Q: 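The structure that follows is given in the form of structure tokens.
This structure is a prediction, so every number in the text was calculated from the model and none was measured.
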Amino acid sequence: MIDDVARESRRERRRAKGGEAASQRRPDYRSLRNPFLPQPVFSDDQVAAIHETALRVLEELGIKVLLAEARALYRRAGAIVDDDTQMVRIGRDIVAAALASAPRSIRALGGDRSRDLVLELGALSFLAGSGAPNVTDIERGRRPGNLADFEALVRIVQSFDVLHMLGPFIEAQDVETRFRHYAVNRVQLTLSDKLPFVYARGTPQVEDSFEMLRLARGLSDDAFLSDVHCYTVINSNSPRQLDIPMAQGIIDFARAGQVSIITPFCLAGAMAPITVAGALTLQHAEALAGLALAQVSRPGAPVVYGSFSSNVDMKSGAPAFGTPEHIKATLGAGQLARFTGLPWRSGGGSAANISDVQAAHETQFSLWGTVLAGATVCIHAAGWLEGGLTVSFEKLITDIEALQTIAELCTAVPGDADSIGFDAIAEVQPGGHFFAAQHTMARYRTAFYEPLVADLSNFGSWSEAGSRTATERAGDIWKRKLAEFEAPQSAADCGDILDAFIARRTEQGGAEPVS
């Protein structure tokens, strides 16, 4: 089947060389600005009250910090630290200083300047579903994540401009943990020129990953430290705990000048109060604690305020996404992020078990919550199933259709006299049609968005073509993308130097993750 798709792809490329491709619509999805006014769910007074309560949580209750180095940094900044209980109480003056020093705008560099991103309020970036232990497609079914599937996902993500960064899409469980970061980084750096993700699993693995980035991009130590070349995601252990690898990750990335997306994962009714306001108060407190650690490690360190709050199913305890509570929490998180002035991350996703109507419904509602909340970065925007346990190849494609629709809404709509079209209206007589109008003929190839997955044919034509579902069509699309994939030359050229580094570090025993 994949061989058939590859042959058809080659035929399509040959046809395109004949000139047909020159008239195709080529939208620019690489740098999006959100055109929608952020929607509130709380009043300004309520936002201020949530912030004030979060400061009380940090001052009066504190947060448990398992890493001694992190506690020492907090203590040096003036926090009250009890090493016996590992509790740290962080004063509002420390938080205020951290918010004052954190940058409002972050320029993150891709492997090619056309892939650079600006992370700030008003910008909009999407990432595919990440962090899943499993992967699925309609032919091979659900299975544990492996390196080959991770590589396939990187190839597909590289092929669509509406996905702006790479991510830890699935866990490559067929590679030993002390060597896994080498394999995953090599895939990212040799197949893509988008901003890569680096796991925060202890300083040895982080330093290996930074060195691979320097080698791949030809950067000196100073050049690497002076700009943002990668990012990580930091998750606190709600409620009110920061573990060793996450605290160490904040410190390592701050000192190297690389981005930490500091994201508590607060599920209302489970790891957070059952109310939206209560869950956001805890989330805000934990995010501020992480932001403060980054800034006391290195003032001015690039950080992204993170939000990933939703509710649980109170019958089973399972996480829920795309729910009214998820959307309200996202809107409220946007208000809190704007209160701080920092770029911020939200999360999409679905709790559905397969790529079906429930999955599409939940994902698109969570996506709209993100857009209307004014998030800078939306993680898990495509392909995510089972509340993060699985990434689906087909759902990745069908969700990209939704993301490209949002991207189209980010583009300006022409409203000049020619677009308003008085002459076109005058040309067509009452009861006529505009198919052959000069106004139409000059624009018909590029006027409308061309669906990626959707089939706009009538029922008869659809039936004659095999009555294929969107999921089946999506399967053809991802296979075709793999068949026609060509890595950016700058990325492909770095393979040899990375292989030499990996061979040396493998011989030395690699680097175990820290827990």
Side-chain angles (χ1 to χ4, degrees), residues 1-10 111 127-160 163 165-194 196-199 201 205 208-209 212 216 354-355 380 382-386 388-400 471-472 474-488 491-496 498-499 501-503 505-506 510-511 513:
M1 177 64 178
I2 292 178
D3 289 341
D4 292 341
V5 172
R7 284 192 289 271
E8 178 59 26
S9 176
R10 287 192 291 270
L127 278 76
S130 297
N134 303 300
V135 64
T136 189
D137 64 71
I138 55 176
E139 290 187 355
R140 293 170 290 178
R142 185 179 185 270
R143 55 197 181 274
N146 59 70
L147 186 63
D149 282 325
F150 176 77
E151 179 176 321
L153 289 168
V154 169
R155 290 172 183 264
I156 295 168
V157 167
Q158 173 66 19
S159 302
F160 289 97
L163 293 169
M165 309 179 194
L166 300 179
F169 308 127
I170 56 171
E171 196 70 40
Q173 297 171 65
D174 55 337
V175 182
E176 192 176 341
T177 55
R178 62 191 171 124
F179 303 127
R180 191 175 297 170
H181 60 297
Y182 303 130
V184 168
N185 289 334
R186 187 190 189 284
V187 168
Q188 293 188 91
L189 295 172
T190 59
L191 296 179
S192 177
D193 54 8
K194 297 184 179 183
F197 171 88
V198 170
Y199 284 108
R201 291 178 173 171
Q205 287 203 1
D208 278 343
S209 301
M212 291 181 73
I354 62 170
S355 182
H380 314 312
W384 220 51
L385 286 173
E386 298 179 62
L389 294 180
T390 298
V391 167
S392 161
F393 278 89
E394 288 79 26
K395 188 171 185 294
L396 178 63
I397 299 299
T398 54
D399 288 342
I400 286 172
T471 299
E472 291 170 330
D476 288 348
I477 292 168
W478 70 257
K479 291 169 190 171
R480 185 167 65 248
K481 288 296 182 183
L482 290 183
E484 66 187 18
F485 180 81
E486 295 180 7
D493 286 346
C494 72
D496 289 345
L498 291 178
D499 288 341
F501 173 82
I502 293 170
R505 290 292 294 124
T506 299

Q: Does the side chain of Arg155 come within less than 4.5 Å of Val187's, by heavy atoms?
A: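 A side-chain contact is absent here, since even the closest heavy-atom pair is not under 4.5 Å.
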Q: Taking atom CG of Leu166 and atom OG of Ser192, what is their separation to the nearest 0.5 Å?
A: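 Here the interatomic distance stands at 4.0 Å.
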Q: Mind listing the closest non-hydrogen atom pair of Ala511 and Tyr182 along with its distance?
A: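 Nearest pair, atom of Ala511 first, then Tyr182: N-OH, 3.8 Å.
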Q: Taking the side chain as every heavy atom from C-beta outward, state whether Ile156 and Leu482 have any atom pair closer than 4.5 Å.
A: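 Yes, side chains in contact.
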Q: Just jot down the side chain to side chain donor-acceptor pair (under 3.5 Å) partners of Arg178, sequence neighbours excluded, or say none.
A: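 In terms of side chain to side chain donor-acceptor pair (under 3.5 Å), with neighbours along the sequence ignored, Arg178 is linked to Glu176.
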Q: State which residues pass salt bridge (charged side-chain N to carboxylate O under 4.0 Å, His left out) with Lys194; sequence neighbours excluded, sorted by chain then number.
A: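 Residues passing salt bridge (charged side-chain N to carboxylate O under 4.0 Å, His left out) with Lys194: none at all.
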Q: If you round to the nearest 0.5 Å, how far is CD of Gln188 from CZ of Phe197?
A: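 So the CZ of Phe197 and the CD of Gln188 are separated by 8.0 Å.
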Q: With Asp174, which residues qualify under salt bridge (charged side-chain N to carboxylate O under 4.0 Å, His left out), at least two apart?
A: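 Asp174 satisfies salt bridge (charged side-chain N to carboxylate O under 4.0 Å, His left out) with no residue once adjacent residues are dropped.
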Q: Who passes salt bridge (charged side-chain N to carboxylate O under 4.0 Å, His left out) against Glu171, sequence neighbours left out?
A: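 Salt bridge (charged side-chain N to carboxylate O under 4.0 Å, His left out) check on Glu171 returns Arg180, Arg201.
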Q: To the nearest 0.5 Å, what is the distance between CG (Leu396) and CG (Leu163)?
A: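 One gets 6.5 Å once the value is rounded to the nearest 0.5 Å.
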Q: What do the steps show when you test His181 against Arg505 for side-chain contact (heavy atoms from CB on, under 4.5 Å), and what is the final call?
A: CA-CA 11 Å; His181 60 297; Arg505 290 292 294 124; 5.9 Å; no
Q: Could you check whether any side-chain heavy atom of Thr136 comes within less than 4.5 Å of a side-chain heavy atom of Glu394, counting everything from C-beta outward?
A: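 Heavy-atom side-chain distance check fails, nothing below 4.5 Å.
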Q: Looking at OG of Ser159 and CD1 of Ile397, how far apart are the two atoms once the value is rounded to the nearest 0.5 Å?
A: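 Ser159 atom OG to Ile397 atom CD1 measures 8.5 Å (nearest 0.5 Å).
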Q: Within the structure provided, determine whether Ile354 and Thr471 are in side-chain contact (heavy-atom separation under 4.5 Å).
A: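 Of all side-chain heavy-atom pairs linking Thr471 with Ile354, none is under 4.5 Å.
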Q: Where the side chain of Trp384 meets the backbone of Ala128, is there a donor-acceptor pair that is under 3.5 Å apart?
A: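 Flag not set: sc Trp384 to bb Ala128 has no pair under 3.5 Å.
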Q: As an exercise, state the distance from SG of Cys494 to CZ of Phe501, rounded to the nearest 0.5 Å.
A: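 Answer for the SG-CZ pair, Cys494 versus Phe501, is 13.0 Å.
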Q: Can you name the residues that form a side chain to side chain donor-acceptor pair (under 3.5 Å) with Ser209, not counting sequence neighbours?
A: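 So Ser209 forms a side chain to side chain donor-acceptor pair (under 3.5 Å) with Asn185.
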Q: May I ask you to test the Gln158-Leu191 pair for a side-chain heavy-atom distance under 4.5 Å?
A: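 Result no, sub-4.5 Å side-chain heavy-atom pair not found.
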Q: Taking atom CG of Leu385 and atom NE2 of His380, what is their separation to the nearest 0.5 Å?
A: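 The CG atom of Leu385 sits 12.5 Å away from the NE2 atom of His380.
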Q: Once salt bridge (charged side-chain N to carboxylate O under 4.0 Å, His left out) is applied, do any residues pair with Arg143, and if so which ones, sequence neighbours excluded?
A: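 Checked Arg143 against salt bridge (charged side-chain N to carboxylate O under 4.0 Å, His left out); matches are Asp137, Asp149.
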